[in-house]
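Structure first, commentary second.
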Amino acid sequence: MSKVIVVTSGKGGVGKTTTSASFSSGLALRGNKTVVIDFDVGLRNLDLIMGCERRVVYDIINVINGEVSLKQALIKDKNCDNLYILPASQTRDKEALNLEGVERILNELRETFDYIVCDSPAGIESGAFTAMYFADEALVVTNPEVSSVRDSDRILGILAAKSKRAVDGLDPVKEHLLVTRYDPKRVEAGEMLSVTDIQEILRIPLIGVIPESESVLQASNAGTPAIHLDKSDVAEAYRDVVGRFMGEEGLPMRFVTVEKKGFFKRLLGGR
Amino acid sequence: MARAEPAFKLKIANLSLFVIYVNTTDMVQLKNQLDMRFSNMQDFFSNTPVALDLSAIANSNISLDFAGLMSFMLNHGMHAAGVVGGSSEQRKAAVQSGLGLFPDTIERPTLKPAQTPSIASNNTSNAEDSNQPESGLAIEAVVGEPNHSNTLNSNFQLQKPAAQVLPTFHPTMIINKPVRTGQRIYAEGANLVVLGVVNAGAELIADGDIHIYAPLRGRAIAGAQGNENARIFIHSLEAELISIAGCFKVFENGIPENLRGKPVQVYLDCSDLIIQPLLS
């Protein structure tokens, strides 16, 4: 049974697209047939992060309007065999997405794919609503900062009240908390909320903590999802997230405390 | 041709409305007092429709500068919607400034002894108010059917309702999920029990009591229809606002140390909102 997973946050700039790219890549690396859909119509970014922007010919709006088939619009990822990307339209606005059209596309994708990852736009308007409406599970991306937590709280409320599962009275959407851009040093200094603080407010299970890292920016600019980076704690953290999502147990929550510098690191003056 | 879907419905709805009772035609005095009362209540009104009751100045042949008053009110977030009562000249001037006309007088409940609308200025429990017995205005919320009304005084409290209606009680509403920002739960004519966390920006409203067995970080409004005996029980007080029968308290400067994060009960004692720790 295929699963629709929405990556959402309410607030912009917290790492939804970065997460969608790495999470879907991680699922595909584990052999799952995966498709990632960019719902940010008008401000499409996912193709840039995935490094396929030059191969975008058709987009989700073309498919919804019946101008092309789903097959024609899907782009095969350059890094993973099992991963496809359905890009957003850059020239249209979010009203062009309608629930019937999206449902038709999702149902067609469900026939082929194990996981359908929906990269939601920021906000709580129609675009974000459409992205979350059909979700079976949700990754709620939150930064350790009060406004981001507040917006995630709002999104969780909408998921619980207005998603299709809620409306149809099915089991509720399964919620996962993903804390991104986490800097244990600044948490210790009291400049950032801690994971515990965030959980205390949002009260949903934690699926992972992604540390703040410069490599994310470099990976984005290079068009490679961060999970493919070598020797990067961000990549490790995303792999842990995928592992936990697939039901692997006993994975320790890493990157939540300040790392003690070893003797050599101190000697060599590492950061 | 097929019949078109109806594009609209016309219905009569009973909505709550704030009413400012204008007791003076002196615009300077009126504006000063409005300023005084609302300057430290930012965000209490946000584009809220407010009616102006002119009954008290109907005998005066001076008309108000409605246009000036409307823009002044707008600065305080109040959207002047129309006038109640007033002389025919005053009503004419109001219409010319774009205000609507409500029926001549607000029907007072028959249960209640005759009372002047400006009870806020008679509130002796309030030092600030008793200094100015001839208050230029009184503000009142008229709710649905006009048998219950709440008056606002400058101490951030809606004064006790003029008459109280005991609603028919429904089974207690129980919420076992977190109540998240932007959500509003209303237990109509019932008590409300919440087992999940109530986050900042969420709102609980009940006509009866409210019990929260988790942190309350948002708002809780008990006795929403004027039941002064309603109480609120909170497992951990971290609230933005609590209110019983219209008397409310905001925690602008934070919750007092001895109450913050503590289990408390909240009740009304002669229109004073008492927050009492549950465990000594």
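By convention in this document, chain letters (A, B, ...) are assigned in the order of the sequence lines, proteins followed by strands, and residues within each chain are numbered from 1.
- The two residues B:A200 and A:R150 come nearest to each other via the heavy atoms CB-NH2, 3.4 Å.
- Between the CD1 atom in A:I201 and the OG1 atom in B:T181 there is a gap of 11.0 Å [rounded to 0.5 Å].
- Atom CG of B:N199 is separated from atom CD of A:E200 by 9.0 Å, given to the nearest 0.5 angstrom.
- Other residues, nucleotides and ligands contribute only 12 or fewer heavy atoms inside 6.0 Å of the CZ atom of B:R184.
- When the shell of 6.0 Å around NZ of A:K174 is examined, it contains 12 or fewer heavy atoms from other residues, nucleotides or ligands.
- Side chain of B:R180 to backbone of A:L202: a donor-acceptor contact under 3.5 angstrom is found.
- Within a 6.0 Å sphere centred on CZ of A:R165, other residues, nucleotides and ligands contribute more than 12 heavy atoms.
- Ranking B:P215, B:G196, B:A202, B:G201 against chain A, the residue ahead of the rest is B:P215, based on heavy-atom pairs under 4.5 Å.
- Going from atom CD of B:Q183 over to atom CG of A:D153 covers 8.0 Å, rounded to the nearest 0.5 Å.
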